[in-house]
Amino acid sequence: MSRVRLFGLTIDSEIPLPGLVPAPEGAPVDVTIRRAHLAGEADLVVEEAGAFAVRGGCEILVDAAEEMPERNVRLYLLGSAMGMLLHQRGLLPLHANAVALDGASIAVAGPSGAGKSTLAAWLTAHGQKLVGDDVVVVRHGMDGPIVHPGVPRLRLWGEALDHMGFERGGFERSYVDEGFDKWDVPVAGEALAAEGLPLAAIYVLEDGPEIAINRLSGAAAVAALFDHTYRGQYVARTGGQALHFRSATALALAVPVFRLRRPRDLSRLDLLGQSLLGHARAQVARTGGAAR
């Protein structure tokens with residue numbers, strides 16, 4: 001049994017979850033993950049990973065054959081199945097990465113393949129601690145929105161690994177398929193944020209001919225949060241439309257949302273990272289490290 005912390009939750013799992021941060025001794029369990037025979041009662045079925053059922057925001061059942069590669073099971077367990085559980089709990093998961101910056105955190109949102117993890121890798125290589133990769137869960141606390149640490153790894157395409165000088169032989173593919181050129185790069189120790197941090201800014205990646213950062217306001221900011229809600233198709237399925245609308249609206253009011261336009265050109269990654277870091281650092285300094 002693995003007992004780990006993820007997104008501010010304590011999870012007991014019969015499925016091994018290597019690399020996740022162990023939970024403190026005696027921490028009350030929020031979520032259990034166990035094996036089961038679902039017999040047609042699954043919420044999610046993936047031929048190459050297994051079947052998953054998510055119950056009441058506190059339990060995930062996994063029906064996977066013993067010969068199924070654990071990496072494939074974990075990909076969907078900590079991805080889509082966890083996404084449904086987060087929506088059942090009324091949380092707001094964004095399809096984003098987050099890093100710590102000067103006592104706060106910033107998030108970078110975008111669709112799959114937009115370069116979120118590549119940019120997060122650049123930021124961690126330049127001294128910022130990783131808060132989460134691919135999924136960022138926002139909780140509304142007394143002092144504003146908080147982001148808790150997520151899965152401690154970066155998922156990078158082979159092209160990004162090559163550009164950043166990583167050797168592929170040192171990492172595992174995210175998915176057991178020789179044609180799948182995406183790799184898990186573990187992040188641990190001093191490179192990983194250990195606790196929840198106030199969210200100071202959200203950047204939404206968009207394509208453009210040059211690097212430019214512009215603030216979105218009002219409905220445009222809320223729409224961007226809707227567009228980049230992780231597994232947003234589960235909002236209606238879990239009956240959470242009204243809560244999701246309130247959460248996204250409250251987040252857009254509390255935290256500035258910026259459009260970050262950039263060309264998809266790895267040769268300009270240094271300039272993109274420096275532009276983002278400078279803008280974000282000024283934003284955090286202006287708010288004193290807490291979202292306004």
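In this chain, numbering begins with 1 at the start of the sequence shown. Every value quoted in this text rests on a predicted model; they were computed, and no experiment measured them.
- In the hydrophobic cluster analysis, where Ile, Leu, Val, Met, Phe, Trp and Tyr join through side-chain heavy atoms closer than 4.5 angstrom, Leu75 is grouped together with Met84.
- Residues Leu92 and Val31 do not share a hydrophobic cluster, clusters being chains of Ile/Leu/Val/Met/Phe/Trp/Tyr side chains in contact below 4.5 Å.
- Ionic pairing of Asp184 and Arg71 is not present here: no N-O contact between side-chain nitrogen and carboxylate oxygen is shorter than 4.0 angstrom.
- Between the side chain of Glu70 and the main chain of Met68, no donor-acceptor pair closer than 3.5 Å is present.
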**Message:** Quick one, Arg155 with Ser117, criterion side-chain hydrogen bond (donor to acceptor under 3.5 Å, both in side chains). Give me CA distance, side-chain angles, the key distance, then yes/no.
**Reply:** CA-CA 6 Å; Arg155 188 161 282 159; Ser117 295; over 6 Å; no

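- Within the 3.5 Å criterion, the main-chain N or O of Ala53 finds no donor-acceptor partner in the side chain of Glu41.
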**Request:** Output, in order, the C-alpha distance, side-chain angles, deciding distance and verdict of side chain to side chain contact (heavy atoms under 4.5 Å, CB included) for Leu276 and Val108.
**Result:** CA-CA 10 Å; Leu276 172 60; Val108 177; 3.9 Å; yes

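- Using a 4.0 Å cut-off between charged nitrogen and carboxylate oxygen, Arg35 and Asp63 do not count as a salt-bridge pair.
- Under the 4.5 Å side-chain criterion, counting only non-hydrogen atoms from C-beta, Arg168 is in contact with Asp162.
- Val29 is not connected to Val4 by any chain of hydrophobic side-chain contacts under 4.5 Å among Ile, Leu, Val, Met, Phe, Trp and Tyr, and they are in different clusters.
- Residues His148 and Arg139 meet the side-chain proximity criterion, which asks for heavy atoms closer than 4.5 Å.
- Inspection of the His244 and Thr229 side chains reveals an N or O donor paired with an N or O acceptor under 3.5 Å.
- Ser247 contributes a side-chain N or O that, together with a main-chain N or O of Leu243, makes up a donor-acceptor pair within less than 3.5 Å.
- By the 4.5 Å heavy-atom criterion applied to side chains, Arg89 and Asp30 are counted as neighbours.
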**Item:** Audit row: Arg259, Ile213, side chain to side chain contact (heavy atoms under 4.5 Å, CB included) steps and yes/no
**Value:** CA-CA 6 Å; Arg259 175 193 296 118; Ile213 301 175; over 6 Å; no

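- Taken from NZ in Lys129 to CG in Leu123, the straight-line distance is 15.0 Å, to the nearest 0.5 Å.
- Between Tyr203 and Phe258, the ring planes lie parallel to each other; the angle is under 30°, not in the 30° to 60° tilted range.
- Residues Met82 and Ile11 have side chains in contact (heavy-atom distance under 4.5 Å, counting atoms from C-beta outward).
- Between Arg5 and Glu195 there is no salt bridge, since none of the side-chain N atoms of the basic residue sits less than 4.0 Å from a carboxylate O of the acidic one.
- A donor-acceptor pair under 3.5 Å is absent between the side-chain atoms of His140 and the main chain of Leu91, judged by distance alone.
- Closest of all the heavy-atom pairs between Val131 and Ala100 is CG2-N, 3.5 Å.
- Of the possible donor and acceptor atoms, none in the side chain of Glu59 sits under 3.5 Å from a partner among the backbone N and O of Thr32.
- Between Arg281 and Asp102, at least one side-chain N (NZ, or NE/NH1/NH2) sits under 4.0 Å from a carboxylate O, which counts as a salt bridge.
- Taking all atoms of both residues into account, the shortest heavy-atom contact from Ala42 to Ala51 is CB-CB, 3.8 Å.
- Counting heavy atoms from C-beta outward, Leu6 and Leu78 have side chains that approach closer than 4.5 Å.
- Heavy-atom neighbours of Glu47 CD from other residues, nucleotides or ligands within 6.0 Å: at or below the threshold of 12.
- At distances below 3.5 Å, at least one donor-acceptor pair connects side-chain atoms of Lys116 with backbone N or O atoms of Pro111.
- Clustering ILVMFWY residues whenever any of their side-chain heavy atoms sit less than 4.5 angstrom apart, transitively, puts Leu130 in a cluster other than the one holding Val135.
- With sequence neighbours excluded, no residue satisfies ring pair (Phe, Tyr, Trp, His ring centres under 6.0 Å) with Tyr234.
- We find the CD-CH2 distance between Glu159 and Trp157 to be 10.5 Å, quoted to the nearest 0.5 Å.
- Phe245 CZ: 12 or fewer foreign heavy atoms inside a 6.0 Å radius.
- The shortest distance between side-chain heavy atoms of Leu277 and Trp122 falls below 4.5 Å.
- Under a 4.0 Å N-O distance rule, the pair Arg34/Glu14 does not qualify as a salt bridge.
- Across all their heavy atoms, Ala201 and Gln283 have their closest contact at CB-CG, 3.9 Å.
- With a 4.5 Å cut-off on side-chain heavy atoms, Val151 and Leu20 count as touching.
- A distance of 4.5 Å separates CG in Leu205 from CZ in Arg262, rounded to the nearest 0.5 Å.
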**Worked check of side chain to side chain contact (heavy atoms under 4.5 Å, CB included) between Val187 and Leu154** = CA-CA 7 Å; Val187 178; Leu154 290 164; 4.1 Å; yes

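- Annotation: the span from Ser275 atom OG to Asp270 atom CG amounts to 10.5 Å, rounded to 0.5 Å.
- With values rounded to the nearest 0.5 angstrom, Leu156 atom CG is found 11.5 Å from His163 atom NE2.
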**Message:** side chain to side chain contact (heavy atoms under 4.5 Å, CB included), that's the test. Do Phe52 and Asp43 meet it? Break it down for me.
**Reply:** CA-CA 6 Å; Phe52 304 83; Asp43 297 299; over 6 Å; no

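- By the 4.0 Å N-to-carboxylate-O rule, Asp133 lies close enough to Arg153 to be salt-bridged with it.
- Residues Ala252 and Ala221 come closest through the heavy atom pair CB-CB, 4.1 Å.
- Scanning both residues, Pro263 and Glu210, for their nearest heavy atoms gives CD-C, 4.0 Å.
- Side-chain atoms of Thr249 never come within 3.5 Å of backbone atoms of Arg246 as a donor-acceptor pair (strictly under, hydrogens ignored).
- What you find for Pro69 and Val176 is that their closest heavy atoms are CB-CG2, 3.5 Å.
- Ile202 and Phe7 sit in two unconnected hydrophobic clusters of ILVMFWY residues. Membership requires side-chain heavy atoms under 4.5 Å apart, directly or through other members.
- Looking at heavy atoms from C-beta onward, Val138 lies out of side-chain contact with Ile146 at the 4.5 angstrom threshold.
- One distance of note links CG of Leu251 with CG of Leu94; it measures 6.5 Å at 0.5 Å rounding.
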